[in-house]
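Have a look at the structure below, then the notes.
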Amino acid sequence: PDDFTQKNALLGFILQRGYFLSSYKFFLPERFHKEDLIFCCTLLGLNPSDYLNQGGDWYKKATRLSHKRQILDYYGFQEFKENREKISEEAISLVNKALKPKQIFYYLVNYLLNEKIEIPLYGAIASIITQSLNQVEQSFIDRLNDLLSEEDKEYLEDFIQLPVGEGDISPSNPYLITTLKKPNQDLKVSKIREDIIQFKIIEEVFTRFESLFQNVEITDALVNYYAKWMIIAEQPQFNSMQDKSKKYLYLLSLIVYQYR
């Protein structure tokens with residue numbers, strides 16, 4: 001490149017190319033490793049202190065972006081930002097499989113490599129994962145909200161507030177939902193009777209909402225994911241949800257999961 005007449009540009013190009021070949025990433029000059037900078041300066045006969053004390057000012061943005069484009073073109077790679085929509089679609093497909101965020105992250109990194117797309121810094125991928133998780137969940141919440149009648153919503157709201165027995169909610173008389181999370185393993189006759197009663201409750205709710213919930217078109221994997229969240233979560237976590245339709249989504253997922 002013409003700008004190699006400037007040693008600053010040559011130094012930046014060598015470092016960027018090296019980082020790309022080792023990680024398929026590009027970095028701002030402020031993030032260049034001190035040891036790498038000293039080593040390359042020595043190779044080029046430059047004084048490292050002239051660069052270590054400048055921050056990133058020595059490597060101009062226009063030059064850096066030009067080098068990035070040249071490196072990508074030479075190795076047949078594409079820019080991340082030009083493929084963000086395609087990457088988001090891939091992330092949404094992974095979310096629908098109920099993979100954990102960490103798993104999605106590694107799948108996306110492999111996807112980028114297979115598609116010959118540069119790997120951005122962690123925050124860019126994490127942002128796409130978060131947006132995809134929220135987008136998928138919100139789409140189910142909206143769909144469920146459209147399908148539920150006012151009578152259905154009133155039924156679910158009352159169900160959420162039900163205690164196990166008569167009287168107000170208390171430590172000895174908890175929310176009914178808490179008893180539906182895990183089957184009782186006790187073989188005493190009284191406990192078996194309790195399990196039968198609980199199953200009847202689950203069956204009643206499942207039967208009422210089965211066809212409606214099917215129309216939400218949520219994957220089995222995500223039903224299991226939301227249900228397991230309900231089983232693990234403490235009741236205050238569930239109560240703190242501000243969106244009532246989100247509560248209904250998680251509750252019905254639990255009901256479907258337990259009925260199966």
request  = Decide, yes or no, whether a salt bridge links Arg69 with Glu82 under the criterion of side-chain N to carboxylate O below 4.0 Å.
outcome  =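 Salt bridge: yes.
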State, to 0.1 Å, how close [X] and [Y] come at their nearest heavy-atom pair, and which atoms those are.
X	Y	value
Lys247	Phe238	CE-O, 3.2 Å
Ser132	Ala91	OG-CB, 3.3 Å
Trp58	Gly12	CZ3-N, 3.7 Å
Leu72	Glu118	CD2-CB, 4.0 Å
Arg143	Glu217	NH1-CB, 3.6 Å
Leu144	Ser245	CD2-O, 4.0 Å

Distance-only, no hydrogens or angles: does the [X] side chain make a donor-acceptor pair with backbone N or O of [Y] under 3.5 Å?
X	Y	result
Gln103	Leu94	no
Asn145	Asp142	no
Gln258	Leu180	yes
Thr130	Ala126	yes

Centroid separation under 6.0 Å, is that true for the rings of [Y] and [X]?
X	Y	answer
Tyr51	Phe32	no
Phe77	Tyr24	yes
Tyr226	Phe140	no

key: Test item: Asp220 and Val256 side chains (from C-beta on) under 4.5 Å apart, heavy atoms   = no
Lys/Arg cation over aromatic Tyr19: Lys25, 6.0 Å, 45° cone = no
query = Going by atom types only, do Ser139 and Gln135 share a side-chain donor-acceptor pair under 3.5 Å?
reply = no
ask   = Distance only, no hydrogens: is a donor on one side chain within 3.5 Å (strictly under) of an acceptor on the other, for Glu203 and Thr207?
value =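 No, no side-chain donor-acceptor pair sits under 3.5 Å.
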message = Can you tell me how far apart OG1 (Thr42) and CG (Asn47) are? Round to the nearest 0.5 Å.
response = 9.5 Å
request  = Measure the CG-OH distance between Leu112 and Tyr107 for me, rounded to the nearest 0.5 Å.
outcome  =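 If I round to the nearest 0.5 Å, the distance is 15.0 Å.
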inquiry  = Go through it in stages, so that I can follow the logic: the residues are Tyr59 and Glu30, the test is side chain to side chain donor-acceptor pair (under 3.5 Å), and I'd like the CA-CA distance, side-chain angles, deciding distance and then a yes or no.
reply    = CA-CA 10 Å; Tyr59 194 19; Glu30 301 94 290; over 6 Å; no
Listed partners of Tyr259 passing ring pair (Phe, Tyr, Trp, His ring centres under 6.0 Å), at least two apart = Phe199, Phe206
Residues that Glu150 engages under salt bridge (charged side-chain N to carboxylate O under 4.0 Å, His left out), provided they are two or more places apart =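 Lys153.
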task = For Glu90, enumerate each residue passing the salt bridge (charged side-chain N to carboxylate O under 4.0 Å, His left out) test, keeping only those at least two apart in sequence or located in another chain.
result = none
key: Candidate list Phe13, Tyr74, Phe26, test ring-ring contact (aromatic ring centres under 6.0 Å, His included), partner Phe20, passing option   = Phe26
query = Hey, mind stepping through Ser93 and Glu89 against side chain to side chain donor-acceptor pair (under 3.5 Å) and telling me if it holds?
reply = CA-CA 6 Å; Ser93 73; Glu89 290 173 359; over 6 Å; no
